[in-house]
Novice: 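Dropping a structure here in structure tokens format, bear with me for questions.
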Amino acid sequence: MAASLGFGGSNAADKGNSTATPSTAQPSYSGTTQMLDEHLLTPASISSLEVHGAANTRRSLLDHIFKPVVEDTAPAGTTLGQVLDRVGVATKKLARFDIFKEEGFGVFLSEAPRPESAPPTDRTDLDISIRVKEKSRLVFSAGTDFGNAEGSAYTNAVARNIFGGAETLSVNASTGTRTRSAYNGTFSTPINGNPDLRLSVEALRSATQKPWASHEEQLTGANLRLAWLTDNSGTHALAYSTVWRQLTGLAATASPTVRTDAGDSLKSSLTHTFTRDRRDNPMLPQNGYLLRSISELAGWGPLNGDVSFAKTEVEASGALPVTIPGLASKSGVSVGGGLRLGLLYPLPSGYSLAGATQPSRINDRFQLGGPTDVRGFKLGGLGPHDGADAVGGDVFAAGSVNALFPLPRTGPDSPLRLQLFANAGRLVALSSSKGAEKEGREGLAMDSTAVFQGVKSAVGELTNGLPSLAAGVGLVYAHPVARFELNFSLPLVLRKGEEGRKGLQIGVGINFL
Amino acid sequence: MASLPSAAPSWRKMQIPRPLQQLFDLFPLRTYEANPLPERAQHLTTSDLPTLYVFSTDSDARLGLPSFNPGCLKWQTLLRLANLDFRTLPSTNHASPTGSLPFLLPPRTSPTTSPLPIPASNLLAYAHKQTSNSNSNTPDPDLDLDPDLPPRAQAYLSLITLSLRNAWLCALYLDPAHTSLLQQLYTRPASSSRAVQATLLYQLRRAAAEQIAIGGGAGGGKVISLAPVSGTDGIDEGAVYAAARDALDALASLLGESGTGWFFGAERPGVFDAALFSYTHLMMEYMSGEGAAAEGGRVALGAMVRGAGDGELARHRERVLGVAWPGWDGYRR
């Protein structure tokens with residue numbers, strides 16, 4: 001955002017001169033830096049603070065932002081520099097509400113007229129005037145979107161600042177290559193006038209085709225989500241969601257695994273996500289790192305529902321620029337790598353940790369493989385397959401290394417790169433050891449020891465033999481909306497049933513391994 | 001090769017240049033054994049027997065007891081009459097290739113091959129093929145399980161598929177007296193969530209009302225208003241039950257004429273017997289006329305079956321049970 005700090009004609013240096021009508025027309029940076037530095041150290045306080053142009057915004061919201069500024073700068077000894085810093089931080093905070101236009105911010109300072117009777121002080125009393133322009137309160141949009149391995153068309157309506165407290169209602173309908181239809185409505189509001197702490201409620205309904213497992217999944221649900229920003233550029237979100245999943249529309253060739261999992265289930269879960277993105281460019285990272293973790297607890301204890309498990313997924317990726325000796329400027333060459341790990345641990349329902357436990361269903365298990373994670377494999381190409389269906393696994397690990405080179409005759413600033421990559425992954429399903437203990441079992445449920453043994457052996461299986469592996473070379477084009485990749489790859493190591501892809505593969509997405 | 005499935009789109013079948021093909025043939029450099037299937041699949045789908053997917057409860061399915069859905073019970077009975085060795089698995093319509101249960105999945109030939117499902121209409125052909133292949137289990141050659149019934153039987157069959165079916169749908173789905181039974185059989189097993197159960201219950205009732213309306217010709221049930229089908233609104237319940245009573249009486253006298261105890265003078269129970277049994281058994285088991293249904297002075301379909309032809313149909317039910325489920329008294333309780 002661009003919060004311009006404009007200085008009024010009467011500045012702190014000539015405090016003896018009480019100019020009654022300061023000019024607020026244009027910021028004047030006429031003084032030298034040294035002069036400015038001196039000015040910043042002079043004592044100052046805020047006499048008045050006005051916000052103009054926020055006609056539809058509640059006073060209380062603005063108070064949350066600006067009251068602390070006035071209060072913090074009240075003590076004697078506050079310098080002009082501190083006042084300016086405070087005001088700058090506050091306007092940035094105001095901008096994060098996303099209800100004001102970025103280019104509309106203006107901050108103007110002037111010295112407050114001092115009453116004749118007032119005792120002389122060496123402090124400058126400032127009148128601060130902040131000008132904002134509100135964004136349109138109702139916005140309709142339509143367009144096309146790229147998610148991971150999917151393109152879609154959407155229409156969207158957003159009502160901003162509904163009650164004057166930066167509340168947002170967004171209603172969205174879309175249809176895509178895989179998502180037959182999706183509707184959702186989200187109401188979101190900052191808490192306590194803090195733009196970095198938001199509460200949102202969402203209702204959603206969607207039908208998504210899952211051709212890698214010969215079915216369609218219909219979701220109907222709602223979630224309540226609290227998201228907050230931490231100082232070190234991390235974002236956290238804690239969400240409770242309840243979703244009715246209906247696995248239906250099976251293909252004629254659907255496998256027995258998919259058929260037995262067809263039907264209804266309700267997932268009631270708590271999810272925590274954490275993201276710290278320190279990459280210079282998310283679509284074409286040349287420097288920096290990304291950390292992300294997703295932890296989910298479903299069905300256990302008071303959550304109820306039809307499925308019960310703990311599931312966690314972590315991702316770390318990073319890139320380093322490579323400087324070429326003898327080349328002073330940026331080379332545009334970089335190396336990068338990424339690692340993703342995931343584990344699903346089935347839990348008994350109710351409050352106990354040791355009881356009858358249902359093994360995972362296909363819509364809760366992980367899928368791995370495809371142009372945006374383990375390249376050189378089809379979508380869901382890794383892991384257990386029943387016939388042609390990717391049925392998913394409970395434990396996975398995937399990693400990739402890549403090197404990016406600018407194409408000849410395009411500079412390091414071009415969004416095009418030549419890519420060399422190798423990536424590998426392993427996706428394993430929990431299965432109880434065959435034989436004795438299975439015979440004694442009446443139903444499907446496993447006891448906690450069997451679950452533990454199963455998970456343990458699945459984790460052990462990750463390192464059994466080489467991981468499934470593919471390598472190749474390709475072109476990367478980093479568009480601001482999505483990243484496009486065209487790769488030529490060959491699978492080096494596979495398991496039987498896993499679907500590698502020899503030759504060309506196109507990848508479109510926003511989050512690549 | 002796993003990476004080149006036969007169902008590849010046609011553009012991928014275009015000729016790959018020879019040197020490239022030779023390169024492709026070198027990869028993958030190493031292929032390990034297949035990943036084992038997840039636990040649910042291992043436990044539910046790796047039986048050596050063919051599996052009949054039906055509406056049932058876990059414990060009933062394990063014991064192979066009759067399904068509580070007439071459509072499923074008919075075919076389950078026929079397969080038992082045909083002496084096919086199979087197991088049952090509780091399932092939902094979502095799983096079926098035709099959109100409704102039952103269907104049969106043959107056993108896997110290897111741990112991860114996926115057999116194609118056999119819809120209900122092809123079950124008898126499959127059973128014939130299986131039983132004639134295995135000599136140890138040869139059925140009697142004169143066992144008449146021909147699904148193509150003679151024209152006379154076809155006419156009587158409509159008494160079952162229209163009149164009895166409408167009455168069953170009306171009683172189970174639309175009669176509030178059977179709400180708890182409907183929930184116990186169909187909505188509670190689907191999900192533990194009350195909201196999901198309520199939605200499914202509404203959908204089921206609506207679908208049943210539509211079915212009665214479609215098959216209304218013989219049953220006399222007409223849906224006057226489709227909008228809020230929350231009960232028997234808009235459906236002439238009395239006509240539906242009267243048609244069922246007439247049908248039961250007609251079937252009882254038809255059975256009496258036969259003299260052999262089975263329909264159309266057959267020596268053994270056949271398709272027609274199984275079709276009738278699928279309704280009479282369920283009506284007698286779940287709507288016997290004792291308890292809640294009787295109190296409201298409502299029609300009890302079970303009592304209606306018992307009364308038809310001096311208990312002729314009730315005895316027929318006992319006989320079918322005796323042949324198809326020998327050693328089981330016909331009551332779960």
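Each chain gets a letter, A, B and so on, in the order its sequence line appears, and its residues count up from 1.
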Novice: Using heavy-atom distances under 4.5 Å, tell me whether A:E461 contacts chain B through its side chain, its backbone, both, or neither.
Specialist: neither

Novice: Mind ranking B:Y53, B:F24, B:F103 by heavy-atom pairs under 4.5 Å with chain A and telling me who comes out on top?
Specialist: B:F24

Novice: For chain B, which of A:L490, A:L469, A:D394 has the most heavy-atom pairs under 4.5 Å?
Specialist: A:L490

Novice: Side chain, backbone, both or neither: which part of B:L26 has a heavy atom under 4.5 Å from chain A?
Specialist: neither

Novice: Please answer whether the main-chain N or O of B:L37 pairs with a side-chain N or O of B:Q42 as donor and acceptor at a distance below 3.5 Å.
Specialist: yes

Novice: Given the options A:L492, A:T257, A:L250, which has more heavy-atom pairs under 4.5 Å with chain B than any of the others?
Specialist: A:L492

Novice: A:D261 versus chain B, heavy atoms under 4.5 Å apart: side chain, backbone, both or neither?
Specialist: both

Novice: Do B:R165 and B:Q211 come within less than 4.5 Å of each other through their side chains, counting heavy atoms only?
Specialist: yes

Novice: Looking only at atom types and distance, does a side-chain atom of A:N223 sit under 3.5 Å from a main-chain N or O of A:Y240, one as donor and one as acceptor?
Specialist: no

Novice: Between the side chains of A:S489 and A:R501, is a donor N or O closer than 3.5 angstrom to an acceptor N or O?
Specialist: no

Novice: Given heavy-atom pairs under 4.5 angstrom as the criterion, report whether the side chain, backbone, both or neither of A:T242 touches chain B.
Specialist: neither

Novice: Please state whether the side chain, the backbone, both or neither of B:S96 comes within less than 4.5 Å of a heavy atom of chain A.
Specialist: backbone

Novice: Please identify, among B:D58, B:T45, B:T92, the residue contributing the most non-hydrogen atom pairs under 4.5 Å to chain A.
Specialist: B:T45

Novice: Considering only heavy atoms, which portion of A:R426 lies under 4.5 Å from any heavy atom of chain B: side chain, backbone, both, or neither?
Specialist: side chain

Novice: Would you kindly say whether B:R205 and B:T179 are connected by a side-chain donor-acceptor distance under 3.5 Å?
Specialist: yes

Novice: Out of A:S468, A:A429, A:S349, A:P256, return the one with the most heavy atom pairs under 4.5 angstrom to chain B.
Specialist: A:P256

Novice: Any sub-3.5 Å donor-acceptor pair from A:Q209's side-chain atoms to A:E216's backbone N or O?
Specialist: no

Novice: With a 4.5 angstrom heavy-atom cut-off, is it the side chain or the backbone of B:L89 that approaches chain A, or both, or neither?
Specialist: side chain

Novice: Contact part of A:I362 toward chain B, heavy-atom cut-off under 4.5 Å: side chain, backbone, both or neither?
Specialist: neither

Novice: Under 3.5 Å, side chain of A:N423 to main-chain N/O of A:A470, donor-acceptor pair present?
Specialist: yes

Novice: Scan side-chain atoms only and decide if B:S192 and A:D306 contain a donor-acceptor pair under the 3.5 Å cut-off.
Specialist: yes

Novice: Quick check on A:L427 against chain B: is it the side chain, the backbone, both or neither that has a heavy atom closer than 4.5 Å?
Specialist: backbone

Novice: Sort B:T113 into side chain, backbone, both or neither according to what part of it lies under 4.5 angstrom from a heavy atom of chain A.
Specialist: backbone

Novice: Who are the ring-ring contact (aromatic ring centres under 6.0 Å, His included) partners of A:F421, not counting sequence neighbours?
Specialist: none

Novice: Distance from A:L247 atom CG to A:R259 atom CZ, nearest 0.5 Å?
Specialist: 11.5 Å

Novice: Does any heavy atom of chain B fall under 4.5 Å from the side chain of A:R365, the backbone, both, or neither of them?
Specialist: side chain

Novice: Go through it in stages, so that I can follow the logic: the residues are A:D386 and B:R108, the test is salt bridge (Lys or Arg N to Asp or Glu O under 4.0 Å), and I'd like the CA-CA distance, side-chain angles, deciding distance and then a yes or no.
Specialist: CA-CA 10 Å; A:D386 188 357; B:R108 296 174 187 273; 2.6 Å; yes

Novice: Taking side chain as everything from C-beta outward and backbone as N, CA, C, O, which of these in B:P117 sits under 4.5 Å from a heavy atom of chain A? Side chain, backbone, both or neither.
Specialist: side chain

Novice: For residues 262-270 of chain A, give me every residue with a non-hydrogen atom less than 4.5 Å from any non-hydrogen atom of chain B.
Specialist: A:A262, A:G263, A:D264, A:L266

Novice: With a 3.5 Å distance limit and no angle check, can you tell me whether A:S308 reaches the backbone of A:L347 through a side-chain donor-acceptor pair?
Specialist: yes

Novice: B:Q76 and B:S67: side-chain donor and acceptor closer than 3.5 Å?
Specialist: no

Novice: Between A:D447 and A:T449, is any side-chain donor less than 3.5 angstrom from a side-chain acceptor?
Specialist: yes

